[in-house]
There are 2 protein chains.
Amino acid sequence: MPRPALIIGSVAIDRVATPFAQSDNILGGAASYAAIASSYFTKTRMVGVVGADFPAAFRARYRKHGIDLAGLQTDPDPAGKTFYWSGKYREHFAGRDTLEIQLNVFEKFSPILPPAYRDTPFVMLGNIQPSLQNHVLDQLVKSPKPFVLADTFDLWINLARPELDRLLKRIDLFVINEEESLLLTGERNPVLAGRLIRKMGPPIVVIKKGGHGSLLFHPDGYFAISAYPVTKFVDPTGAGDSYAGAMIGYLASVNRTDFAALKKAVAYATAVSSLTVESFSVNRLSSAGRRRIDARYKELVKITRF
Amino acid sequence: MPRPALIIGSVAIDRVATPFAQSDNILGGAASYAAIASSYFTKTRMVGVVGADFPAAFRARYRKHGIDLAGLQTDPDPAGKTFYWSGKYREHFAGRDTLEIQLNVFEKFSPILPPAYRDTPFVMLGNIQPSLQNHVLDQLVKSPKPFVLADTFDLWINLARPELDRLLKRIDLFVINEEESLLLTGERNPVLAGRLIRKMGPPIVVIKKGGHGSLLFHPDGYFAISAYPVTKFVDPTGAGDSYAGAMIGYLASVNRTDFAALKKAVAYATAVSSLTVESFSVNRLSSAGRRRIDARYKELVKITRF
């Protein structure tokens, strides 16, 4: 019996430059990528904030995916503008630099869950300040305890470590990339880093290695998946968000969190994020359709089995 | 019906320093690692050259593995010394520097196959000058055509490209690491690099990504395997040689080169090389035993299946 999933995170208008192309005024933000990814698997609720300038076309994009927008706050300030981020990827996509940030309405964002969202059984805390992630947890029903996935990034590991440490003790699944796992643990071997992160709190940990696949650490065992062989790489923005969104959406759709379900969630996340990187913004992710996701999932089974 | 395998390559006495430890006067060379790895799967013949100083204990090590040493030439010069290599790995194993090379008897080495070796059906051309690799091919029987695996490294890609290009058109399987695949093709995406290398000649290509697993390109399809989760990483020297040796040994043991057999060969190679890196020299590789290799192979099946 499928359950709904709840996504909390940033909603942004992005300008992205890669070594090959650039795109401006495009839909971005962790919640956008994650909610669309999750929507392929289950009924998805979204909490975020936008300004009065937020384009109707972007809202229509969410609606196309059937995303429940009761939690998408529009800031009451009629001159309020949506969070704006401009970034540029370095040559060979070796890191990226933020060129401009306008926090705008996101600056004083405090996620408030509509009462009907508080008992959502599968929750993803997208990459926002750990204090806000903790604040969301405080609003969830205590019983039955929801299954909570959290994401983060290097800034919070460096600047908000105590709040992040507190968060790690309260969540079920932590999804992090390889560089962040090194920053968090000081351990370069991702197999050892994953074990160390589990000791910090979350019983389940996923370490993403981009084009090298990902690793799953679960109380019942270890699992490693190769990357989907992407050959038309356009823009990595949102790959991690859609990865996490696909995981929470899949888990909610099967209403399971055992090892076998987590492996499948990681495989679906691999398939979904491989689509995200094939375009700017959510374009490819949104147009792909469930059938193409399932085809990539099957392809992953095929290319990894021996 | 198992067939024998033939390994051609360097035999060396090494001094290796890692960021954590060092070891001197240890058995090294591509042929040593590859032949021991291959010996776990099938009867293995070895062609190389040593000096009069080559320790009896090292020869005994080959014999312990039942390696046929009829092709291991001892240089007639009574003062001839074995090839000596001293290298140091940089911090975090980010590359290595050669501190000293004494080519010694290896300088004028020209591999001569004993007549009984010339119809060996599975041949590995370890990392030596491409001109010598071509010279070995000239000595093999033309019919039935043997299955030939070749390895190389960055020096030959930079310095002996025409001979390497000629070699690539004559072999069946080329095994290369990710950095070398970039150097050879100019393509950073290993999925595209693998396809480009196949166009240079070898119908089957393997790109090794170290701790990130490896990719197989075969006329019948693409296959990707995650790395074995090594947690006691000591010294990567010989990992690639034992990987290739395990591949040729396994393929000879099943006398098959179809896609299914190649996938299994890659998985065995992954298991074997994960043992090699757990010690200096061939120590762990040699002491592991077939049972431990099979256990790691089974573990690889388990941690990659979903």
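Each chain gets a letter, A, B and so on, in the order the sequences are listed, and its residues count up from 1.
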Is it the case that over 12 heavy atoms from other parts of the model lie below 6.0 angstrom from the CZ atom of A/Arg198?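 Atom CZ in A/Arg198 is packed in, count exceeds 12.
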Is it the case that atom CZ in B/Arg290 sees more than 12 heavy atoms from other parts of the structure closer than 6.0 Å? yes
Distance check, rounded to the nearest 0.5 Å: [X] atom [atom1] versus [Y] atom [atom2]?
| X | Y | atom1 | atom2 | value |
| --- | --- | --- | --- | --- |
| B/Leu192 | A/Phe233 | CG | CZ | 12.0 Å |
| B/Ile303 | A/Phe223 | CD1 | CZ | 9.0 Å |
| A/Thr304 | B/Lys263 | OG1 | NZ | 9.0 Å |
| B/Glu178 | A/His212 | CD | NE2 | 4.5 Å |

Between [X] and chain A, with a heavy-atom cut-off of 4.5 Å, which part of the residue counts as in contact: side chain, backbone, both or neither?
| X | result |
| --- | --- |
| B/Glu187 | neither |
| B/Leu216 | neither |
| B/Arg188 | side chain |
| B/Val266 | neither |

Can you say whether A/Ala260 sits under 4.5 Å from chain B via the side chain, the backbone, both, or neither, judging by heavy atoms?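 Neither part; nothing is under 4.5 Å.
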Given heavy-atom pairs under 4.5 angstrom as the criterion, report whether the side chain, backbone, both or neither of A/Leu215 touches chain B.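 Neither part; nothing is under 4.5 Å.
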Do B/Phe259 and A/Phe306 have their ring centres less than 6.0 Å from each other? no
Chain A contacts, top residue of B/Arg195, B/Lys264, B/Lys209 (heavy-atom pairs, under 4.5 Å):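 Most heavy-atom pairs within the cutoff with chain A belong to B/Lys209.
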So, for B/Thr231 and A/Asn189, which heavy atoms are closest and what is the spacing to 0.1 Å? CA-ND2, 3.9 Å
